[in-house]
Amino acid sequence: DVKVTQSSRYLVKRTGEKVFLECVQDMDHENMFWYRQDPGLGLRLIYFSYDVKMKEKGDIPEGYSVSREKKERFSLILESASTNQTSMYLCASSWPTPPRELFFGEGSRLTVL
Amino acid sequence: KQEVTQIPAALSVPEGENLVLNCSFTDSAIYNLQWFRQDPGKGLTSLLLIQSSQREQTSGRLNASLDKSSGRSTLYIAASQPGDSATYLCAVNGNGNKLVFGAGTILRVKS
């Protein structure tokens with residue numbers, strides 16, 4: 001089975017702190033994604049990566065950056081956390097070739113105080 | 001810009017009932033469509049994926065259909081059980097890499 005692991009299920013941070021959310025997948029997927037999910041707004045794509053050191057902005061990249069130094073690991077970075085970044089963050093991965101099924105991690109619930 | 005709508009937003013049914021969840025999308029030029037299940041506070045679990053060339057996919061009590069020309073997909077759940085209670089999301093893949101999600105249908109199956 002595909003395994004997408006997010007290192008932290010729950011985090012509480014203070015405004016202005018630097019936050020790292022880590023995601024690791026074990027299926028050698030080229031594509032990896034970071035989404036955030038908010039009530040009433042659904043899932044929105046923050047960034048995605050289609051190869052090591054490659055990244056592309058999603059729909060809401062402001063306030064975030066990403067790092068992909070190794071194929072299996074995709075990190076989401078909040079340089080200076082703000083309260084409006086309190087959310088559920090979901091990592092996903094897929095192959096770039098058919099069927100391109102997307103597999104998700106368990107999510108990281110971030111609260112910024 | 002692709003938009004995905006799911007109807008109904010919430011559904012409550014007695015155990016054992018067959019039910020249908022609907023998903024519609026505005027741009028029929030899709031690569032595939034995927035149905036997910038999400039339990040409270042958890043990530044998304046992939047249920048079924050339908051390629052644009054397919055009409056339906058089945059897994060156990062679940063059957064998903066796709067009518068690309070009309071921009072619609074349905075998820076049929078047979079003989080519903082309390083364990084089926086969750087939020088069901090559909091997502092459309094239009095350009096091969098990024099999915100556009102619907103807002104989801106919250107399903108409650110009463111025992």
Side-chain angles (χ1 to χ4, degrees), chain A residues 1-10 21 23 25 27 29-51 54-61 87-111, chain B residues 1-7 9-10 21 23-26 29-59 62 64 66 73 86-106:
Chain A
D1 282 353
V2 175
K3 187 79 172 173
V4 180
T5 303
Q6 294 183 231
S7 57
S8 303
R9 291 278 285 125
Y10 301 95
L21 299 179
C23 175
Q25 49 92 7
M27 282 303 291
H29 286 164
E30 276 86 356
N31 293 344
M32 295 189 75
F33 307 81
W34 275 106
Y35 288 86
R36 66 177 280 177
Q37 185 177 31
D38 301 286
L41 296 175
L43 275 89
R44 294 178 291 168
L45 180 65
I46 305 171
Y47 266 99
F48 79 96
S49 168
Y50 49 90
D51 203 348
M54 306 300 285
K55 61 185 179 184
E56 198 166 311
K57 292 179 181 179
D59 300 317
I60 52 163
S87 186
M88 170 70 101
Y89 290 88
L90 294 161
C91 175
S93 69
S94 74
W95 282 291
T97 52
R100 293 182 184 166
E101 187 174 3
L102 205 64
F103 296 92
F104 279 85
E106 282 290 288
S108 298
R109 170 73 65 184
L110 172 66
T111 301
Chain B
K1 180 183 175 184
Q2 180 73 271
E3 292 182 1
V4 180
T5 303
Q6 290 188 245
I7 294 172
L21 308 180
C23 172
S24 62
F25 45 95
T26 54
I30 67 169
Y31 186 83
N32 62 35
L33 184 146
Q34 200 167 346
W35 281 94
F36 295 90
R37 168 190 173 133
Q38 186 176 31
D39 294 295
K42 297 287 184 70
L44 278 67
T45 300
S46 179
L47 296 174
L48 290 164
L49 180 145
I50 312 177
Q51 301 289 358
S52 61
S53 57
Q54 297 174 320
R55 297 284 294 185
E56 64 180 287
Q57 283 285 340
T58 299
S59 176
L62 305 179
L66 174 64
S73 175
T87 297
Y88 290 81
L89 296 128
C90 73
V92 172
N93 187 335
N95 68 0
N97 276 314
K98 293 185 282 186
L99 270 67
V100 178
F101 283 83
T105 294
I106 301 171

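The figures here come from the full heavy-atom set of this structure, side chains too, leaving out hydrogens, waters and symmetry mates. Every chain is numbered from 1, with letters handed out A, B, ... down the list of sequences. Treat the numbers as computed from the prediction; the structure is a model and nothing was measured.
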Distance in Å, B:Leu89 CG paired with A:Gln37 CD, rounded so as to fall on 0.5 Å steps:
6.5 Å

To the nearest 0.5 Å, what is the distance between CG on A:Leu43 and CG on B:Leu99?
9.5 Å

Does A:Arg9 CZ have over 12 foreign heavy atoms under 6.0 Å away?
yes

Using a 6.0 Å cut-off, check whether atom CD of A:Glu56 has over 12 heavy atoms from anything other than its own residue.
yes

pair A:Met88-B:Lys42: side-chain heavy atoms closer than 4.5 Å
no

Test your reading of the model: is there a side-chain donor-acceptor pair from A:Glu101 to the backbone of B:Ser46, 3.5 Å cut-off?
no

Closest non-hydrogen atom pair, A:Leu102 against B:Phe36:
O-CE2, 3.6 Å

Checking B:Leu44 against chain A: side chain, backbone, both or neither under 4.5 Å from a heavy atom?
both

